[in-house]
Amino acid sequence: MQKLGEFKLPPFFNYPPYFTLQPVRETREKQVQLWKDLILDFSRNQKIFVISLEEDSPLFSNPSIERSLSHEAKVVFLSALVTDGRAEWMDKGHKKCLILWMRIQDWADYILRFVRENGLEDGVMTVEDIRSGFETRGTELAGIDRGVLMRALKLLEQKGKAVIFKGSSADDEGVKFSA
Amino acid sequence: MTSIPRLPTASLTTSCRPVFFSGEVERYLLPGVDLESDGSDRPTLLLPFQSSLLVITSHRLVFVDEASSSAREIALSAIIHAFPLKKSMSIRSMFASPRVRLQVSISNDGTISEKGTKSSVITLVMRGKNTDPDVFYGKFMEVLRSREWELTASADQGSTGLEGSSSASGVNDLRITMPVVGVSGILRKEQEIWESTDKNLQDAFQDLNALMSKAKEMVQLAEKMRQKLLTTGSNSQGSSNDEEMGSKQDMQDWLLSVGIASPVTKETAGALYHQQLSRQLADFVKTPLEKAGGMITLVDVYCLFNRARGTELISPEDLLQACALWEKFDVPVMMRKFDSGVKVIQNKSHSDDEVFARISSLAQKPDALRKGVSPSDAAFTLGIAPALAKEHLLSAESRGLLCRDVSAEGLRFYINLFNEIDSANIYTIKSHGLLNAWHLATTVSG
């Protein structure tokens with residue numbers, strides 16, 4: 001079985017037509033579905049939050065069959081994710097795409113659950129701690145994209161589950177959770 | 001009391017064109033014709049149908065009824081006399097349909113045929129609109145006068161006298177049969193052929209009318225001469241016909257290219273030009289269609305058809321119109337346009353499903369599973385032209401049978417595996433089925 005790092009690639013990754021944008025509608029729909037799933041699975045596994053179309057991503061080419069996705073194909077598949085609400089274009093030129101392999105709402109729920117399970121209510125944590133601190137090691141939160149984290153925290157703030165306050169510098173931004 | 005004369009039946013092709021004999025050439029067409037016996041009070045109809053299409057050939061009058069796909073004929077040799085057109089100034093005759101009266105010979109059983117013991121007078125009634133009786137009569141008399149059916153009969157007998165060295169008796173024994181021995185015999189044979197050719201040419205060019213009737217012979221002679229000029233460094237003179245014509249395949253192609261001896265022209269058919277052309281085209285395409293496996297591009301038909309006609313070439317618009325008319329007739333061929341715009345002619349019986357089945361099985365062979373199928377691969381396996389193979393592959397793709405693969409190697413097609421993949425279980429491959437076959441074929445090679 002082929003692998004990309006830790007990630008196990010599905011058998012059809014070796015099927016050349018998988019890398020050519022299919023013109024026939026029904027076939028295209030199937031192809032798009034498979035690519036959407038693959039992008040999300042891969043991103044979750046590798047903790048990838050941003051895909052840049054101008055850089056070569058190992059996901060979008062298969063050297064063993066000498067095939068890669070065209071730029072047009074990448075845009076089509078990522079746009080499909082955007083339509084599903086599982087991705088967002090970061091710029092008007094569609095050069096960078098934020099991959100939400102967990103939705104912001106899901107992240108918020110995850111954070112809350114983590115806080116409760118670890119008895120961290122009424123505690124204060126810095127944003128940086130959440131991202132790379134000792135407590136979050138081994139959880140999904142380790143290495144989370146800063147922008148995504150802030151949006152999730154803001155969502156919690158709206159619901160009254162947390163309060164964000166600024167520190168002396170950007171690194172010192174902190175969060176206080178409430179039960 | 002004379003019985004009603006009967007006409008023998010004539011054979012038609014599947015497109016309702018008369019089947020011509022060898023040497024018979026179409027001369028004129030006239031629609032809306034009835035045939036009556038010349039009873040002055042109550043004329044009786046001689047044809048079991050009305051308002052037929054009269055086809056005058058060098059040998060016969062053929063009355064065609066397209067509605068019933070049947071025809072009757074009168075051999076020109078059975079016509080004893082054609083009465084001149086009456087130029088009557090009465091009001092009655094001005095509104096009546098023009099008529100031509102013919103005296104024909106009748107055999108003992110009442111059929112109109114040559115060398116009969118009795119005779120009868122019949123009337124040709126021209127009920128078609130825009131029929132000019134004088135033009136028709138002029139053409140008809142021309143054909144009658146040239147008596148081509150006699151020429152063909154004697155030519156057949158004469159040619160057998162030339163070929164075989166051992167022919168003893170012959171009706172036209174004007175040639176001195178000399179023993180064909182050695183080089184002098186061969187040279188003499190050559191000489192005779194060239195003298196006859198020379199005489200042919202002289203006769204032809206003297207009289208323009210005679211030239212027209214010799215047109216078919218001229219085409220054949222010109223073709224033979226051209227072939228002789230092309231063969232460089234030929235050792236033996238007077239080689240047999242087989243060597244001249246080359247292999248059997250060449251013979252076939254040669255026959256095909258001069259296959260039409262009586263092209264339907266605007267002159268012979270007048271207003272019926274497109275209809276008759278359409279029918280003749282339907283007859284013509286049968287052989288090339290079979291050779292090409294049931295489908296030919298319109299461009300190829302255009303070239304083949306015009307090549308066979310030799311002169312009186314048709315324009316691309318004529319061809320398109322002729323094909324479009326097929327919808328109105330009951331012919332076994334049809335025109336079809338692919339999504340890409342390519343137009344082809346195919347048999348009505350052609351089955352797309354059968355082609356798709358063949359493509360599908362080709363795409364599932366181990367080689368094709370590994371590398372896909374290119375249009376030239378498909379052309380080779382299916383035995384058809386590459387342009388058509390590509391059309392079939394594209395059609396199969398739009399049906400969901402194949403997927404395309406675009407790479408530096410060009411456009412290739414693979415069997416569609418997308419339908420076989422279960423989105424919920426993308427890592428498992430069932431132990432049977434298409435996905436498994438593909439997996440085995442591609443992983444074994446490494």
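If you're wondering where the values come from, they're calculated on a predicted model, not measured in any experiment. Convention: sequence-line order gives letters A, B, ...; per-chain numbering from 1.
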Say you draw a straight line from CD1 of A/Ile65 to CZ of B/Arg370; how long is it, rounded to the nearest 0.5 Å? 15.0 Å
More than 12 foreign heavy atoms under 6.0 Å from NZ of B/Lys337: is that the case here? no
Using the rule given for side chain to side chain contact (heavy atoms under 4.5 Å, CB included), can you reason through A/Asn14 versus B/Thr442, listing the C-alpha separation, both sets of side-chain angles and the distance that settles it, and then say yes or no? CA-CA 9 Å; A/Asn14 288 330; B/Thr442 48; 5.9 Å; no
Write down the atom of B/Asp405, the atom of A/Thr20, and the distance for their closest heavy-atom approach. CA-OG1, 3.5 Å
NZ/B/Lys390: more than 12 non-hydrogen atoms of other groups inside 6.0 Å: no
Take atom CG in B/Asp330; do more than 12 heavy atoms of anything else shown fall under 6.0 Å from it? no
Part of A/Tyr18 lying under 4.5 Å from any heavy atom of chain B: both
Are there more than 12 heavy atoms of other residues, nucleotides or ligands under 6.0 Å from atom CG of A/Asp56? no
Side chain, backbone, both or neither: which part of B/Leu435 has a non-hydrogen atom closer than 4.5 Å to chain A? neither
For A/Pro17 versus B/Phe418, what's the shortest heavy-atom pair and its separation? O-CZ, 4.1 Å
Top residue by heavy-atom pair count (under 4.5 Å) with chain B, among A/Arg67, A/Glu26, A/Gln31? A/Arg67
Return yes when atom NZ of A/Lys95 has more than 12 non-hydrogen atoms of other residues, nucleotides or ligands closer than 6.0 Å, and no otherwise. no
Bottom line for B/Leu394: the part with an atom under 4.5 Å from chain A's heavy atoms is neither
Donor-acceptor under 3.5 Å (A/Tyr15 side chain, B/Trp438 main chain): no
Got A/Pro16 and B/Lys371 here, is their nearest side-chain heavy-atom distance under 4.5 Å? no
Taking every heavy atom of B/Glu409 against every heavy atom of A/Glu66, the minimum-distance pair comes out as OE2-OE1, 4.3 Å
Looking at B/Ser398 and A/Val24, what are the two nearest heavy atoms and their distance? CA-CG2, 3.6 Å
Need one label for A/Gln33: side chain, backbone, both or neither, based on atoms under 4.5 Å from any heavy atom in chain B. side chain
State, yes or no, whether a side-chain contact exists between A/Leu34 and B/Ile421 at a heavy-atom distance under 4.5 Å. yes
Out of curiosity, B/Leu401 CG to A/Thr27 OG1, how far, rounded to the nearest 0.5 Å? 9.5 Å
Scanning both residues in full, the closest heavy-atom pair of B/Tyr427 with A/Lys8 reads OH-O, 2.6 Å
